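Before any comments, here is the structure.
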2 protein chains.
Amino acid sequence: MKISVLGEGMHCRSCHDCTARGFAICAALDKAELRELAQLSRHVRFESGATVFAQANIATSFFSVHAGTLRLYKLLPDSRRQIVGFALPGDFLGLPGLPHHEFSADAVGRVTLCQFPKESFATFAEKRPQLLRRMVELAGHELARAQEHMVLLGRRSAEEKIATFLISWRDRLSGIGRGGEILPLPMKRLDIADHLGLTIETVSRTFSKLERDGVIQTFASGVVLLDAPRAEALSAGVS
Amino acid sequence: MKISVLGEGMHCRSCHDCTARGFAICAALDKAELRELAQLSRHVRFESGATVFAQANIATSFFSVHAGTLRLYKLLPDSRRQIVGFALPGDFLGLPGLPHHEFSADAVGRVTLCQFPKESFATFAEKRPQLLRRMVELAGHELARAQEHMVLLGRRSAEEKIATFLISWRDRLSGIGRGGEILPLPMKRLDIADHLGLTIETVSRTFSKLERDGVIQTFASGVVLLDAPRAEALSAGVS
DNA sequence: TCCGGCGATTGATCTGCATCAACAACATCT
DNA sequence: AGATGTTGTTGATGCAGATCAATCGCCGGA
């Protein structure tokens with residue numbers, strides 16, 4: 001894997017017509033505040049596979065995803081990997097109150113982010129209950145997702161895991177206005193495996209099975225849910 | 001299982017000498033605020049096994065754990081269960097921004113809680129950045145724990161799961177001043193199994209193995225870590 | 001056009017944990 | 001003391017998914 005970190009800075013033209021605004025923390029701010037926050041931030045871009053930050057490093061910035069997908073993962077010393085989630089436009093990366101990064105993040109395909117220096121962001125947020133409330137809210141959603149994922153990892157079969165992943169990925173995308181007939185899967189099989197607590201082989205076999213059963217149709221860049229109700233039933237844990 | 005819900009109210013004598021203060025959200029408040037918050041809250045008690053709230057019900061209150069242990073869990077329709085965590089004194093239950101409870105909570109042994117009506121707590125918090133920051137912080141810690149648990153569920157062996165559970169339980173207890181030679185385990189084997197994504201039999205066998213290997217010694221009410229370094233190594237994922 | 005590498009798929013076999021089953025250790029009630 | 005329920009332990013067996021291994025399709029570079 002190439003680890004070409006090239007976070008090249010360029011000033012945010014305007015947060016005004018930002019496509020991720022509305023989902024992001026920025027939604028909690030008025031125009032004046034938005035302009036002030038833009039002063040603190042800079043836009044950065046990462047190419048496919050590049051590492052944005054690494055687990056256990058000291059966190060000096062927060063990020064808000066502008067475009068693209070990131071994989072967030074933790075490694076064990078023997079290199080077993082668990083992908084704890086994928087970040088999409090609007091997601092906030094970084095936890096106030098924890099000095100180190102709790103996980104590593106790298107780009108799945110090209111990614112652009114808003115970067116905020118931790119210090120100045122904290123001072124900015126300190127006096128703005130609206131923003132803080134929004135952050136509590138986002139953290140809450142994140143936590144709920146994490147708990148749902150624990151159920152998946154601890155108590156579901158391979159087939160249920162894949163079905164659940166597809167359904168929740170579809171729902172997340174449509175939540176940010178990216179719904180569509182074909183469900184894009186920018187991440188590789190290995191990423192899916194490490195997200196669901198499986199191996200690549202099992203992921204592949206399960207995709208094949210779902211395709212044989214007429215639940216999905218696979219393409220190079222994603223899948224189509226031919227039988228969404230069936231997938232939803234598997235995801236719900238029925239049958 | 002008996003579901004005897006008897007949350008009997010009684011007014012909080014004083015938050016001043018509360019044993020959970022210092023860990024809880026209350027730590028962010030000064031004396032005057034503390035008194036004001038106490039006005040909103042009431043103390044409630046639940047007997048062993050009682051349900052404090054149930055998944056998918058509308059959340060009308062927040063809680064702060066005062067004493068005892070709770071199990072927080074999600075159920076699948078076919079009654080598979082995943083315990084997403086155990087709550088201890090100082091833990092905050094409830095997520096602003098989500099109308100329903102995301103999981104069920106019931107008492108492991110006798111439990112006492114501070115209960116806050118959601119509405120009035122929200123109004124109280126709205127103007128207090130300190131409190132909001134504390135909540136972001138708590139949510140962040142919770143999220144970090146959840147992510148660590150995903151690694152456990154997705155990528156660790158039964159033996160590593162048990163060792164990791166014991167170590168992190170020990171650390172949580174000592175974090176709230178409950179450290180000691182003997183590590184109390186108020187929850188049952190089935191709870192541990194449903195927390196770690198295992199069956200009771202595997203939990204029992206693994207405890208037996210760790211005891212045979214001289215890593216732990218089991219008692220009715222808990223375990224002693226005879227060889228903590230060995231347990232920590234298993235937990236770290238080495239060996 | 002051929003070659004090499006990467007990702008995905010498929011097959012054969014192995015194994016860690018689940019499942020099924022019996023029993024032991026206690027506590028509570030009659 | 002005996003009956004009954006609850007929790008935990010241990011053994012025998014089965015299976016879902018891991019592991020090992022081969023092959024295929026595709027893309028980019030020589």
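Each chain gets a letter, A, B and so on, in the order its sequence line appears, and its residues count up from 1. Just so it is clear, the structure is predicted and the values come from calculations on it, not from any experiment.
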| message | Could you check whether Arg81(B) makes a cation-pi contact with Tyr73(B), meaning its NZ or CZ is under 6.0 Å from the centre of the six-membered ring and within 45° of the ring axis? | response |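 Yes; both conditions hold, so Arg81(B) lies above the ring face of Tyr73(B).
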| Could Arg189(B) and Phe207(B) be counted as a cation-pi pair, given that NZ or CZ must be under 6.0 Å from the ring centre and within 45° of the axis? |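 Relative to the ring axis of Phe207(B), which defines the angle, Arg189(B) lies inside both limits.
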| Do other residues, nucleotides or ligands put more than 12 heavy atoms under 6.0 Å from the CZ atom of Arg80(B)? |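 Yes, CZ of Arg80(B) has more than 12 neighbouring heavy atoms, counting only those of other groups under 6.0 Å.
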Atom [atom1] of [X] to atom [atom2] of [N]: distance rounded to whole Å?
| X | N | atom1 | atom2 | value |
| --- | --- | --- | --- | --- |
| Glu160(B) | dG16(C) | CD | P | 12 Å |
| Lys209(A) | dT9(C) | NZ | P | 16 Å |
| Lys161(B) | dA18(C) | NZ | C1' | 12 Å |

| said: Quick check: on DNA chain C, is the nucleotide nearest Arg155(A) upstream (toward 5') of the one nearest Phe207(A), or the reverse? Name the residue that is more 5'. | reply: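 It is Phe207(A) whose nearest nucleotide is closer to the 5' end.
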| task | Give a yes or no on whether a salt bridge exists between Arg45(A) and Glu47(A), defined as a side-chain N under 4.0 angstrom from a carboxylate O. | result |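 Glu47(A) and Arg45(A): salt-bridged.
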| Basic-acidic side-chain contact under 4.0 Å: Asp91(A), Arg172(A) |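 Counted as a salt bridge, because a side-chain N and a carboxylate O are separated by less than 4.0 Å.
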| message | Heavy atoms only, 4.0 Å cut-off, all strands: where does Ser208(A) land among base, sugar-phosphate and nothing? | response |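 The answer is sugar-phosphate, as Ser208(A) gets under 4.0 Å only of primed atoms, P, OP1 or OP2.
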| task | Measure from the ring center of Phe62(A) to the ring center of Phe92(A) and say whether it is less than 6.0 Å. | result |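 Yes, close enough.
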| Boundaries of the chain B footprint along DNA chain D (any atom under 4.0 Å from a heavy atom) |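 The protein-touched segment is dT7(D) to dA12(D).
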| said: Using a distance-only criterion (donor-acceptor N/O pair, under 3.5 Å, no hydrogens), is the base of dG16(C) paired with the side chain of Arg205(B)? | reply: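 Check fails, no donor-acceptor contact within cut-off.
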Distance-only donor-acceptor pairs under 3.5 Å for side chains of residues 212-226 of chain B, two or more places apart:
from	atom 1	to	atom 2	distance (Å)
Asp213(B)	OD2	Lys209(B)	NZ	2.8
Thr218(B)	OG1	Glu211(B)	OE1	2.9
Thr218(B)	OG1	Glu211(B)	OE2	3.4

| query | Of the residues in residues 180-201 of chain B, which ones touch DNA chain D at a heavy-atom distance under 4.0 Å? | reply |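 By residue number: Lys188(B), Arg189(B), Glu201(B).
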| task | Mark yes or no for whether Ser41(B), through its side chain, and Cys114(B), through its backbone, hold a donor-acceptor pair below 3.5 Å. | result |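 Checked: no pair found.
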